[in-house]
Amino acid sequence: MRPLFKSVLFGSLVLLAACSKGPTIDATTDETLNNSLNALYQSLSPNESEKLRQDITWLNTYFERRIYKGEKVEDAQSAYVLMLNGKTPDEIGEQVDALRPYEQKS
(Lines give C-alpha, C1' and ligand atoms only; values in the text may rest on other atoms or scores of the structure.)
Protein backbone atom coordinates (compact mmCIF):
# COMPACT_ATOMS: atom_id res chain seq x y z
CA MET A 1 0.00 0.00 0.00
CA ARG A 2 2.84 2.39 0.72
CA PRO A 3 4.25 2.47 -2.86
CA LEU A 4 0.76 3.12 -4.24
CA PHE A 5 0.31 6.03 -1.83
CA LYS A 6 3.64 7.51 -2.91
CA SER A 7 2.72 7.16 -6.59
CA VAL A 8 -0.64 8.84 -6.10
CA LEU A 9 0.93 11.62 -4.04
CA PHE A 10 3.67 12.20 -6.62
CA GLY A 11 1.14 12.22 -9.48
CA SER A 12 -1.01 14.72 -7.61
CA LEU A 13 1.94 17.01 -7.00
CA VAL A 14 2.94 16.88 -10.67
CA LEU A 15 -0.61 17.68 -11.73
CA LEU A 16 -0.84 20.51 -9.22
CA ALA A 17 2.45 21.99 -10.44
CA ALA A 18 1.26 21.85 -14.04
CA CYS A 19 -2.00 23.57 -13.14
CA SER A 20 -0.31 26.31 -11.14
CA LYS A 21 1.39 27.62 -14.27
CA GLY A 22 -1.62 29.82 -14.91
CA PRO A 23 -3.58 30.51 -18.07
CA THR A 24 -1.71 29.90 -21.29
CA ILE A 25 -2.07 30.90 -24.91
CA ASP A 26 -3.53 28.40 -27.37
CA ALA A 27 -2.04 29.20 -30.78
CA THR A 28 -3.03 26.00 -32.57
CA THR A 29 -5.21 27.99 -35.01
CA ASP A 30 -5.78 31.68 -35.71
CA GLU A 31 -9.20 31.42 -34.09
CA THR A 32 -7.96 29.74 -30.90
CA LEU A 33 -5.12 32.26 -30.70
CA ASN A 34 -7.52 35.19 -30.89
CA ASN A 35 -9.93 33.58 -28.43
CA SER A 36 -7.27 32.71 -25.88
CA LEU A 37 -5.66 36.17 -26.12
CA ASN A 38 -9.05 37.86 -25.66
CA ALA A 39 -9.78 35.64 -22.66
CA LEU A 40 -6.39 36.47 -21.17
CA TYR A 41 -6.83 40.20 -21.75
CA GLN A 42 -10.12 40.06 -19.86
CA SER A 43 -8.87 37.89 -17.00
CA LEU A 44 -5.67 39.82 -16.27
CA SER A 45 -5.37 43.01 -14.29
CA PRO A 46 -5.37 46.16 -16.43
CA ASN A 47 -1.59 46.54 -16.10
CA GLU A 48 -0.91 42.89 -16.94
CA SER A 49 -3.34 43.01 -19.84
CA GLU A 50 -1.65 46.10 -21.29
CA LYS A 51 1.79 44.52 -20.87
CA LEU A 52 0.63 41.41 -22.76
CA ARG A 53 -0.88 43.58 -25.53
CA GLN A 54 2.41 45.44 -25.86
CA ASP A 55 4.39 42.19 -25.94
CA ILE A 56 2.13 40.68 -28.62
CA THR A 57 2.33 43.88 -30.69
CA TRP A 58 6.12 43.86 -30.38
CA LEU A 59 6.29 40.20 -31.45
CA ASN A 60 4.07 40.89 -34.46
CA THR A 61 6.41 43.68 -35.53
CA TYR A 62 9.45 41.51 -34.86
CA PHE A 63 8.18 38.71 -37.09
CA GLU A 64 7.07 41.15 -39.80
CA ARG A 65 10.64 42.46 -39.87
CA ARG A 66 11.97 38.93 -40.22
CA ILE A 67 9.75 38.43 -43.27
CA TYR A 68 10.81 41.80 -44.67
CA LYS A 69 14.45 40.73 -44.28
CA GLY A 70 13.79 37.65 -46.43
CA GLU A 71 12.53 34.89 -44.16
CA LYS A 72 9.78 32.77 -45.69
CA VAL A 73 6.33 33.71 -44.43
CA GLU A 74 5.59 30.10 -43.49
CA ASP A 75 8.79 29.83 -41.46
CA ALA A 76 8.11 33.07 -39.61
CA GLN A 77 4.52 32.04 -38.88
CA SER A 78 5.66 28.66 -37.56
CA ALA A 79 8.21 30.31 -35.29
CA TYR A 80 5.58 32.78 -34.07
CA VAL A 81 3.13 30.01 -33.21
CA LEU A 82 5.85 28.01 -31.43
CA MET A 83 6.82 31.09 -29.45
CA LEU A 84 3.25 31.69 -28.25
CA ASN A 85 1.62 28.27 -27.93
CA GLY A 86 1.31 27.03 -24.37
CA LYS A 87 3.01 30.07 -22.88
CA THR A 88 1.81 32.25 -20.04
CA PRO A 89 1.86 36.05 -20.31
CA ASP A 90 4.95 36.11 -18.08
CA GLU A 91 6.76 33.65 -20.35
CA ILE A 92 5.87 35.77 -23.38
CA GLY A 93 7.29 38.81 -21.60
CA GLU A 94 10.51 36.93 -20.86
CA GLN A 95 10.84 35.93 -24.51
CA VAL A 96 10.28 39.51 -25.67
CA ASP A 97 12.88 40.76 -23.20
CA ALA A 98 15.34 38.16 -24.49
CA LEU A 99 14.73 39.12 -28.13
CA ARG A 100 15.00 42.89 -27.74
CA PRO A 101 18.79 43.02 -27.37
CA TYR A 102 19.14 40.64 -30.32
CA GLU A 103 16.98 42.86 -32.53
CA GLN A 104 19.05 45.93 -31.71
CA LYS A 105 22.22 44.14 -32.91
CA SER A 106 20.68 43.15 -36.27
Side-chain angles (χ1 to χ4, degrees):
M1 186 73 168
R2 196 114 167 107
L4 179 62
F5 175 75
K6 287 181 180 180
S7 296
V8 170
L9 180 62
F10 178 73
S12 298
L13 291 175
V14 168
L15 185 60
L16 184 62
C19 292
S20 68
K21 183 178 178 182
T24 59
I25 296 170
D26 179 359
T28 52
T29 67
D30 289 341
E31 184 178 355
T32 59
L33 174 60
N34 288 330
N35 291 340
S36 67
L37 283 175
N38 287 330
L40 277 171
Y41 293 145
Q42 292 174 359
S43 69
L44 297 171
S45 73
N47 288 341
E48 292 170 324
S49 179
E50 182 57 29
K51 169 83 167 83
L52 179 59
R53 286 180 195 275
Q54 290 173 359
D55 288 342
I56 295 297
T57 299
W58 189 90
L59 284 173
N60 287 333
T61 303
Y62 173 77
F63 281 98
E64 287 172 4
R65 287 184 188 142
R66 285 175 53 166
I67 293 168
Y68 180 75
K69 290 179 181 180
E71 185 171 350
K72 291 182 182 178
V73 173
E74 298 83 13
D75 293 343
Q77 287 174 335
S78 293
Y80 180 74
V81 166
L82 284 173
M83 183 169 285
L84 294 179
N85 197 39
K87 303 296 189 307
T88 65
D90 288 340
E91 291 170 328
I92 297 298
E94 291 169 5
Q95 291 180 339
V96 168
D97 291 343
L99 286 172
R100 285 182 190 213
Y102 171 76
E103 184 199 42
Q104 292 170 355
K105 293 177 188 173
S106 304

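The chain is numbered in sequence order, starting from 1. Hydrogens, waters and symmetry mates play no part in the numbers below; they use all other heavy atoms, side chains included.
In terms of heavy-atom proximity, Gly93 sits nearest to Lys51 at CA-NZ, 3.9 Å. Heavy-atom minimum distance, Tyr41 versus Ser49: O-OG, 3.2 Å. Heavy atoms only, all atoms of each residue included: Ala27 and Val81 are closest at O-CG1, 3.3 Å. The minimum heavy-atom distance linking Glu91 with Gly86 is given by the pair OE1-O, 3.9 Å. Residues Pro23 and Pro89 approach most closely at O-CD, 3.6 Å, considering heavy atoms.
Separation of atoms OG1 (Thr61) and CD1 (Ile56) is listed at 11.0 Å; rounding is to 0.5 Å. Interatomic distance, NZ of Lys87 versus CG of Leu82, reported as 7.5 Å (0.5 Å rounding). A distance of 8.5 Å separates CG of Leu33 from CG of Asn85, quoted to the nearest 0.5 Å. Taken to the nearest 0.5 Å, the CE atom of Met83 stands 11.5 Å off from the CD1 atom of Ile25. Note that CZ of Arg53 is 9.5 Å distant from CG of Leu44, once rounded to the nearest 0.5 Å. Here NZ of Lys72 is found 11.0 Å from OG of Ser78. Values are rounded to the nearest 0.5 Å.
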I would like to know whether Leu59 and Gln95 meet side chain to side chain contact (heavy atoms under 4.5 Å, CB included); could you show each step before the answer?
CA-CA 9 Å; Leu59 284 173; Gln95 291 180 339; 5.5 Å; no
Asn47 and Ser45: CA distance, side-chain angles, deciding distance, side chain to side chain donor-acceptor pair (under 3.5 Å) verdict:
CA-CA 5 Å; Asn47 288 341; Ser45 73; 5.5 Å; no
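Within a 6.0 Å sphere centred on CG of Asp30, other residues, nucleotides and ligands contribute 12 heavy atoms or fewer.
Note on Leu99: it clusters hydrophobically with Tyr80, by side-chain heavy-atom contacts below 4.5 Å among ILVMFWY residues.
Side-chain N/O atoms of Asp90 and Thr88 include no donor and acceptor closer than 3.5 Å.
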